[in-house]
Amino acid sequence: MNLLKIGKKSLLNRFIIPIASIVLFLGIWYLGAEYLRNREIDFRVEKVMNDQGIAEAKALKACFETNDSECQTNTLPSPIQVWTSVKSLINDYYLIRKDKEDFLAKTQVINQQREAAGESPIIYTGRPSFVDIVFTSLKTVFAGFLLAFIIAVPIGIFIGLSNTLRSTFNWFIQVFKPVSPVVWYLLVFMVVKTLLIETSSDNSFVISFISVGLCSMWATLVNTTMGVSSVDKDYINVSKVLKLKPLQKVFKIVLPSSLPLIFTGLRITLSVAWMVLIAIELLAQSPGLGLFVWEEFQNGANDSNSKIIVAMFVIGIIGFLLDRMMLFVQNMISYNKNSIA
């Protein structure tokens with residue numbers, strides 16, 4: 001009987017309550033979207049009535065009731081409209097993929113001849129699909145995360161091993177840690193455009209991932225420093241008794257003891273990198289989710305608002321999956337299995 005109660009409670013907590021919360025969320029969203037839509041319709045109909053008369057106002061209201069593409073509101077889209085945009089983006093992906101395949105088939109012979117002659121192949125320059133845009137953002141965020149890891153972890157270990165170095169560099173960390181991603185982008189842009197001034201290629205990807213890395217590395221740097229500096233002194237004394245060399249002490253004593261805090265910093269860094277990526281891609285004009293959202297906002301098409309909401313959900317879901325991935329890696333590597341989910 002107790003097992004049956006536990007099973008029912010587990011089913012309730014794991015499935016029924018989450019599903020109910022999703023239904024509630026969709027219901028509130030739908031009602032809110034309908035309220036905003038009706039509010040905008042009433043305003044526009046009243047304005048037309050005052051400016052053009054009752055006949056034109058009635059015609060406009062009738063057009064809104066038919067939900068014709070010519071009469072759409074520019075407010076929060078309903079869940080149904082967002083789902084329609086999801087299907088539209090999926091269909092668009094298949095169309096663009098077919099165009100790419102046709103292009104490659106047409107240029108295959110020509111490109112073989114060009115490569116044999118030592119010339120660059122003709123590449124596809126059509127617009128990217130939404131799936132391509134998502135992968136571009138993922139490539140940028142992982143490159144930025146790797147840069148943050150390469151910079152923050154070694155420096156954090158180096159600073160954490162010395163009280164003098166922590167005091168020396170503390171001002172640097174405290175000053176630059178809260179700097180806005182926009183400012184980091186501008187700083188990176190100044191440096192990269194000068195270093196690559198002789199190249200004619202698009203530098204938006206390089207600028208984007210460096211900006212993401214510099215903006216997001218501080219959590220890893222601080223946590224690594226704290227983890228290394230808080231290693232149990234008994235472990236350090238054991239390393240002295242065993243006469244371990246500095247590198248041996250770092251890899252056999254310091255790092256294993258610091259891994260929980262280091263991975264906590266890395267999880268925060270990856271989350272911050274994914275958040276700031278959108279703003280940085282917009283500024284750098286990198287063809288990722290940030291630029292996609294801005295272009296849809298500027299576009300003002302009937303389904304632009306719905307596509308923005310689709311992008312919002314994709315950004316949130318990917319951010320959640322990235323965090324789960326880091327937690328999984330942490331639990332695989334770290335001896336501390338009582339990690340906070």
Side-chain angles (χ1 to χ4, degrees), residues 137-192 195 205-231 250 254-284 286 288-290 315-316 318-327 329-330 333-334 336 339-341:
S137 291
L138 286 172
K139 182 175 71 172
T140 305
V141 81
F142 277 119
F145 175 74
L146 181 62
L147 177 66
F149 175 83
I150 292 172
I151 295 174
V153 173
I155 293 178
I157 294 172
F158 187 64
I159 295 175
L161 290 171
S162 169
N163 291 327
T164 303
L165 289 175
R166 283 201 302 279
S167 301
T168 302
F169 288 101
N170 182 59
W171 72 268
F172 181 85
I173 296 172
Q174 298 305 322
V175 167
F176 287 100
K177 183 174 65 173
V179 172
S180 165
V182 176
V183 179
W184 279 115
Y185 163 77
L186 295 174
L187 176 63
V188 173
F189 178 79
M190 296 174 201
V191 175
V192 171
L195 293 176
F205 172 74
V206 177
I207 294 171
S208 295
F209 90 79
I210 293 177
S211 302
V212 168
L214 293 179
C215 186
S216 62
M217 71 176 188
W218 303 99
T220 298
L221 178 58
V222 170
N223 279 46
T224 302
T225 303
M226 288 178 57
V228 172
S229 63
S230 61
V231 173
V250 168
V254 174
L255 272 180
S257 301
S258 308
L259 275 179
L261 270 177
I262 292 174
F263 265 97
T264 299
L266 289 172
R267 284 178 67 187
I268 297 172
T269 288
L270 189 56
S271 297
V272 172
W274 185 243
M275 283 192 295
V276 303
L277 173 72
I278 306 304
I280 288 173
E281 282 183 334
L282 190 159
L283 293 169
S286 179
L289 285 166
I315 291 167
I318 291 177
F320 170 76
L321 293 176
L322 290 176
D323 183 73
R324 295 296 95 180
M325 180 190 71
M326 285 300 301
L327 180 62
V329 175
Q330 177 178 353
I333 295 177
S334 175
N336 182 9
S339 303
I340 299 175

| With sequence neighbours excluded, residues passing side chain to side chain contact (heavy atoms under 4.5 Å, CB included) with Met275 | Val272

| task | Kindly say whether Val141 contributes a backbone atom to a donor-acceptor pair with the side chain of Trp274 at under 3.5 angstrom? | result | no

| message | I need the Thr264 OG1 to Met226 CE distance, nearest 0.5 Å. | response | 9.5 Å

Under 3.5 Å donor-acceptor pairs involving side-chain atoms of residues 218-225, not counting sequence neighbours:
residue : atom : partner : partner atom : Å
Trp218  : NE1  : Leu214  : O            : 2.9
Thr220  : OG1  : Gly265  : O            : 3.1
Thr220  : OG1  : Thr269  : OG1          : 2.5
Asn223  : ND2  : Leu261  : O            : 3.3
Thr224  : OG1  : Thr220  : O            : 2.6
Thr225  : OG1  : Leu221  : O            : 2.8

Output side-chain donor-acceptor pairs under 3.5 Å for residues 143-162, partner residues at least two apart or in another chain, one line each.
residue : atom : partner : partner atom : Å
Ser162  : OG   : Thr164  : N            : 3.3
Ser162  : OG   : Leu165  : N            : 3.2

| message | I'd like to check the ring-ring contact (aromatic ring centres under 6.0 Å, His included) partners of Phe176; sequence neighbours left out, ordered by chain and number. | response | Phe172

| message | Once side chain to side chain donor-acceptor pair (under 3.5 Å) is applied, what residue pairs with a partner in residues 178-188 remain, sequence neighbours excluded? | response | none

| Between CG of Leu327 and CG of Leu270, what distance do you get to the nearest 0.5 Å? | 12.0 Å

| Which value, rounded to the nearest 0.5 Å, describes the distance between Ile173 atom CD1 and Met217 atom CE? | 8.5 Å

| query | Roughly how far apart are Leu322 CG and Ser271 OG, rounded to 0.5 Å? | reply | 7.5 Å

| query | Can you check whether Ile262 reaches Leu255 side chain to side chain, under 4.5 Å on heavy atoms? | reply | yes

| task | Would you sort out whether Arg324 and Arg267 count as a side-chain contact (heavy atoms from CB on, under 4.5 Å), showing the intermediate values? | result | CA-CA 9 Å; Arg324 295 296 95 180; Arg267 284 178 67 187; 3.6 Å; yes

| side-chain contact (heavy atoms from CB on, under 4.5 Å) between Leu289 and Leu277, worked out | CA-CA 9 Å; Leu289 285 166; Leu277 173 72; over 6 Å; no

| Which pairs with one or both residues in residues 137-160 pass side chain to side chain donor-acceptor pair (under 3.5 Å), sequence neighbours excluded? | Ser137-Glu281

| field | Full working for side-chain contact (heavy atoms from CB on, under 4.5 Å) between Leu266 and Val329 | value | CA-CA 11 Å; Leu266 289 172; Val329 175; over 6 Å; no

